[in-house]
Amino acid sequence: MWQAPPAPVSREWLPVLDMPAPGAQNRWTVLLRLLLLIPQFVVVWVLSVVAFFVTIAGWFGALVLGRLPGFVADYLTAFVPYDTRVTAYLMLMLDDYPPFRFRTPEYPVRVELRPGELNRLAVLFRIVLVIPAAIVQGLVYAGWWMVCFVIWLVVLILGRMPQPLYEASAAIVRYRMRTTAYFVMLSSAYPKGLFGEETGSEPDGPVSATRPLVLSGGGRGLLVVFLLLGVVSWVTSSITTSVNSGDDDNDGINPTQRVIAPLVPGPR
């Protein structure tokens with residue numbers, strides 16, 4: 001009996017990050033990494049300010065058109081890879097200094113973005129929808145920075161980044177890029193894939209060391225550690241802020257009021 005062929009399964013496309021495998025790094029550039037990046041920090045800050053206003057214009061445009069206006073898509077598809085290249089260099093993942101250009105096909109860190117049609121309802125509530133992904137991205141990124149000095153020492157001594165650490169760091173860079181791309185409406189696909197993909201997930205075979213990004217047990221373990229450290233950092237920061245705020249705002253208030261003050265809404 002004749003049967004209709006199965007309907008094609010739509011595969012949600014996510015922005016992808018292509019990076020080379022970890023290699024040898026010049027210890028001098030590792031030692032002076034933050035100093036070397038000062039000019040890039042200034043450039044990224046300026047570009048970020050522009051991106052903020054361009055994104056607002058893009059939000060209104062996407063609500064009307066169902067897609068980003070051309071000039072918005074052009075700027076943001078240049079800004080997100082630029083920011084990603086600087087982040088990867090900052091996190092000691094490679095030794096090639098990021099150029100001061102938007103279009104850098106020769107640079108080993110590449111981001112593929114495909115802006116297209118957008119769901120207007122998802123655009124309307126984009127700032128709310130992105131919150132869970134932004135929290136995860138913020139926690140794992142903060143956790144990495146809590147041990148950045150140790151990571152810096154390891155790369156400085158070895159002259160390269162160990163494979164498990166490279167995998168975890170690449171996962172953070174990629175998830176951060178995907179979260180940014182979703183927030184600025186360059187992608188309709190919700191950020192995912194923090195813990196990587198399975199072997200063979202690329203139908204045509206591996207394209208780069210991070211496409212597909214297959215994490216070993218060590219890489220996954222480090223990501224969990226970074227997440228936990230991020231939670232610890234957030235809790236510690238919240239408690240410290242609450243205590244300092246209580247000390248500053250509640251001088252002269254009796255002990256009972258000091259205890260209940262953080263639980264009472266409204267101005268202090």
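In the hydrophobic clustering of this structure, Leu121 groups with Leu63; members are Ile, Leu, Val, Met, Phe, Trp, Tyr whose side-chain heavy atoms approach within less than 4.5 Å, directly or through other members. Under a hydrophobic clustering in which Ile, Leu, Val, Met, Phe, Trp and Tyr are joined whenever their side-chain heavy atoms come within less than 4.5 Å, directly or via other members, Ile127 and Phe125 fall into the same cluster. Val232 and Trp234 are members of different hydrophobic clusters when ILVMFWY side chains are connected at heavy-atom separations under 4.5 Å. Residue Ile157 is not grouped with residue Val30 when hydrophobic side chains (ILVMFWY) are merged at heavy-atom distances under 4.5 angstrom, including chains of intermediate members. Neither Phe226 nor Val154 shares a network with the other; the hydrophobic side chains, linked directly or stepwise wherever heavy atoms of I, L, V, M, F, W or Y lie under 4.5 Å apart, form separate groups for each.
In this structure, Val214 shares a hydrophobic cluster with no other residue, the cluster being traced through Ile, Leu, Val, Met, Phe, Trp and Tyr side chains under 4.5 angstrom apart.
Every residue two or more places apart in sequence or in another chain was checked for a ring pair (Phe, Tyr, Trp, His ring centres under 6.0 Å) with Tyr107, and none qualifies. Glu106 meets the salt bridge (charged side-chain N to carboxylate O under 4.0 Å, His left out) test with Arg101; sequence neighbours excluded. Evaluation of the ring pair (Phe, Tyr, Trp, His ring centres under 6.0 Å) rule for Tyr182 yields Tyr190 as partners, not counting sequence neighbours.
In this structure the side chain of Val231 reaches within 4.5 angstrom of the side chain of Val235, judged on heavy atoms.
Summarising the geometry, atom CG belonging to Leu213 is positioned 11.5 Å from atom CZ belonging to Phe195; distances are rounded to the nearest 0.5 Å. One finds the CG atom of Leu223 at 10.0 Å from the CG atom of Leu165 (value rounded to the nearest 0.5 Å). Summarising the geometry, atom CE belonging to Met177 is positioned 9.0 Å from atom CG belonging to Leu14; distances are rounded to the nearest 0.5 Å. Atom OG1 of Thr29 sits about 12.0 Å away from atom CG of Leu35, to the nearest 0.5 Å. Note that OG of Ser169 is 9.0 Å distant from CE of Met19, once rounded to the nearest 0.5 Å. Phe60 contributes atom CZ, which lies 13.0 Å from atom CG of Leu65 (distance to the nearest 0.5 angstrom).
Pairs of residues two or more places apart, or lying in two chains, never qualify as side chain to side chain donor-acceptor pair (under 3.5 Å) while including a residue from residues 52-72. Under the side chain to side chain donor-acceptor pair (under 3.5 Å) criterion, the residue pairs touching residues 213-227 are Glu167-Ser216, with sequence neighbours excluded.
Centroid-to-centroid, the aromatic rings of Trp152 and Phe149 come within less than 6.0 Å.
Across all non-hydrogen atoms, the minimal contact from Pro99 to Gln40 is O-NE2, 3.9 Å. Shown here for Leu68 and Leu118, the closest heavy-atom pair between the two residues is N-CD1, 4.1 Å. Considering all non-hydrogen atoms of both residues, Met91 and Val173 come closest at SD-CG2, 3.6 Å. Counting all heavy atoms, side chain and backbone alike, Leu36 lies closest to Tyr97 at O-OH, 2.7 Å. A pairwise comparison of heavy atoms in Tyr89 and Arg33 identifies O-NH1, 2.7 Å as the closest pair. In terms of heavy atoms, Thr84 sits closest to Val80 at OG1-O, 2.8 Å.
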Could you please spell out the steps behind the side chain to side chain contact (heavy atoms under 4.5 Å, CB included) verdict for Phe100 and Val43? CA-CA 8 Å; Phe100 292 94; Val43 172; 3.9 Å; yes
Stepwise side chain to side chain contact (heavy atoms under 4.5 Å, CB included) test for Asp83 and Leu47: CA-CA 9 Å; Asp83 177 71; Leu47 295 178; over 6 Å; no
For a side chain to side chain contact (heavy atoms under 4.5 Å, CB included) check, start with the C-alpha distance between Leu90 and Leu34, then their side-chain angles and the critical distance, and finish with the verdict. CA-CA 7 Å; Leu90 172 64; Leu34 287 177; 3.7 Å; yes
For Val224 and Leu228, run side chain to side chain contact (heavy atoms under 4.5 Å, CB included): C-alpha distance rounded to whole Å, both residues' side-chain angles, the deciding distance at 0.1 Å, then the answer. CA-CA 6 Å; Val224 172; Leu228 293 176; 4.1 Å; yes
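Using a distance-only test at 3.5 Å, with no hydrogens or angles considered, no donor-acceptor pair links the side chain of Arg178 to the main chain of Leu194. For the pair Ser233 (side chain) and Leu229 (backbone), a donor-acceptor distance under 3.5 Å is absent. A distance-only check finds no donor-acceptor pair linking the side chain of Asp18 to the backbone of Arg110 [under 3.5 Å]. Looking at Gln25, its side chain never comes within 3.5 Å of a backbone N or O of Met161 through a donor-acceptor pair. No donor-acceptor pair closer than 3.5 Å links the side chain of Arg126 to the backbone N or O of Phe183. Here the side chain of Arg120 pairs a donor or acceptor atom with the backbone of Val64 at under 3.5 angstrom.
Between Arg174 and Thr210, the side chains place no donor N or O within less than 3.5 Å of an acceptor N or O (distance only, hydrogens not considered).
Taking the six-membered ring where tryptophan is involved, the planes of Tyr75 and Phe79 are essentially parallel, since the angle between them stays under 30° and well short of 60°.
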